[in-house]
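One structure below.
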Protein chains: 2
Amino acid sequence: MALLVGRHVNRIDRKGRVSVPKPFRDVFQGQGFVGLYAYPSFKYPAIEAMGEDFMARLVAAIDDLPLYSEERDDLSAIVENTHRLPCDTEGRVVLPPELLDHAGITGEALFAGRGGALQIWDPATYARDREPAFERARARGVTLRLPPQQPRPVPPGGTPDSTGEG
Amino acid sequence: MALLVGRHVNRIDRKGRVSVPKPFRDVFQGQGFVGLYAYPSFKYPAIEAMGEDFMARLVAAIDDLPLYSEERDDLSAIVENTHRLPCDTEGRVVLPPELLDHAGITGEALFAGRGGALQIWDPATYARDREPAFERARARGVTLRLPPQQPRPVPPGGTPDSTGEG
DNA sequence: ACTAATCCCATTGACTCCCATCATTTCCCA
DNA sequence: TGGGAAATGATGGGAGTCAATGGGATTAGT
């Protein structure tokens, strides 16, 4: 799986469009749908966003729960609050007002890669709420046990190149 | 699996017709029948609706239950109360009075995508009964362990496009 | 013949495509 | 290694397209 990493700040134009950073777009190219699935974050004044592959995993997890169960209904609330935002030919999406309001985003949007998914923040809010997390992690001396190395699957008929997913 | 996500509110005209939101219609295009299977929810004042694929799964699940069991009888009632609603050439369906009454729908219908299936609500009822579910999920700090990443099946001779499952 | 359902066409407003501009970054060559 | 040219990603805006909607006309059913 290609990885979503780093931060990018892009401008929102008067039509409400904002460019999805090219490195992120490239990740979604390999998926059935080029665009974002986005919903308001539970934990932060931010937008949670992901590609179709990740969203499909989320839906699959919900699908495993019994029909009509309380748990399934609660989690379905996420899906009901999710917006499907296709990229235009220029690689831009339109963030709906509901999401903008939740995140307090006005003129600019900060895209923060989180590996498999990403978040979208108001830059000022991010600086206030999120950047301290890095310092916190450093101060606490965070440790992490990694899963074992997986053998790289050989792409059918293709040779690996140096740039990644070309 | 194609995903049904997000909410859409559409008007019901004086003939009782309402447009099925285009993103949902697109999902059903890939299935044998373009339209809805719909029955009254027994948990909510709402209509449960789905495409042919999901309905087939539901029937298969009921089929697995022991013949003459109480459970099978109960769930079969769902099937007996299900309406098959084809889309017209404009992508609209006519919701029968029985379903409208159950959901208290009059002028507008709210379509809520829930992954594999969807619900249809009266907008005001939804705001009162359903929107709190999102807040509840947030308050409970819902967490969800996702199933492992599945390898993406290679579409036969097809290249991914930007519009999704058109 | 009357009722009801479906098809077909027109309207409208939002959305998306396309094109132009700009700011960088990358590449190439001296 | 500096400068300039070409390529690329981000941005802005005009116009054509499409989804939603309304209503008349046609067909089916009783």
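Reminder, nothing fancy here: chain letters follow the sequence lines and each chain counts from 1.
Of the residues in residues 95-107 of chain B, not one places a heavy atom less than 4.0 Å from an atom of DNA chain D.
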Which pairs would a plain distance check flag for residues 138-145 of chain A, meaning a side-chain donor or acceptor within less than 3.5 Å of a matching protein atom at least two apart in sequence or in another chain?
from: A:Arg138; atom 1: NE; to: A:Glu135; atom 2: OE1; distance (Å): 3.2
from: A:Arg138; atom 1: NE; to: A:Glu135; atom 2: OE2; distance (Å): 3.4
from: A:Arg138; atom 1: NH2; to: A:Glu135; atom 2: OE2; distance (Å): 3.2

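Listed by chain and number, the residues in a side-chain contact (heavy atoms from CB on, under 4.5 Å) with B:Ala46 are B:Tyr44, B:Trp121 (sequence neighbours excluded). Qualifying ring pair (Phe, Tyr, Trp, His ring centres under 6.0 Å) partners for A:Phe24, counting only residues two or more places apart in sequence or in other chains: A:His8. Residues meeting the side chain to side chain donor-acceptor pair (under 3.5 Å) test with A:Asp13, sequence neighbours left out: A:Arg17. With sequence neighbours excluded, the residues forming a side-chain contact (heavy atoms from CB on, under 4.5 Å) with A:Leu67 are A:Arg72, B:Phe54, B:Leu58, listed by chain and number. Under the side-chain contact (heavy atoms from CB on, under 4.5 Å) criterion, B:Phe42 pairs with A:Tyr68, B:Ile78, not counting sequence neighbours. By the salt bridge (Lys or Arg N to Asp or Glu O under 4.0 Å) test, B:Lys43 is found to be paired with A:Glu70, A:Asp73, residues two or more places apart in sequence or in another chain being considered. Among residues two or more places apart in sequence or in another chain, the side-chain contact (heavy atoms from CB on, under 4.5 Å) test is passed with B:Ser19 by B:Asn10, B:Arg92.
Between A:Lys15 and A:Lys22, the residue anchored nearer the 5' end of DNA chain D, judged by the nucleotide with its closest heavy atom, is A:Lys22.
Note: CG (A:Asp88) to P (D:dG16) measures 19 Å, nearest angstrom. Look at NE2 on B:His8: it is 17 Å from P on C:dA14, rounded to the nearest Å. For the pair B:His83 NE2 and C:dA5 P, the computed distance is 13 Å after rounding to whole Å. Atoms CZ (A:Arg25) and P (D:dT11) sit 10 Å apart, rounded to a whole Å. Rounded to an integer number of Å, the gap from A:Arg14 CZ to C:dT16 P is 18 Å. Straight-line distance from the CZ atom of B:Arg11 to the P atom of D:dA20: 14 Å, rounded to whole Å. Atom-to-atom, CG of A:Asp13 to P of D:dG14 comes out at 12 Å; the value is rounded to the nearest Å. A straight line from CZ of A:Arg17 to P of D:dT11 spans 11 Å, rounded to a whole angstrom.
Salt-bridge formation is not detected for the pair B:Asp26/A:Arg84: no Lys NZ or Arg NE/NH1/NH2 atom is positioned less than 4.0 Å from an Asp or Glu carboxylate oxygen.
Note that the two end axes of the helix from C:dA1-D:dT30 to C:dA30-D:dT1 enclose an angle of 50°, each drawn from 5 base pairs, rounded to 10 degrees.
A salt bridge (charged side-chain N to carboxylate O under 4.0 Å, His left out) check over residues 97-124 of chain A, counting only residues at least two apart or in different chains, returns the pairs A:Glu98-B:Arg7.
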Tabulate protein N/O versus nucleotide N/O from nucleotides 19-21 of chain C, keeping only pairs under 3.5 Å, one per line.
from: C:dC19; atom 1: N4; to: A:Glu90; atom 2: OE2; distance (Å): 3.2

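Counting only N and O atoms by type, the side chains of A:Tyr37 and A:Glu52 include a donor and acceptor under 3.5 Å apart.
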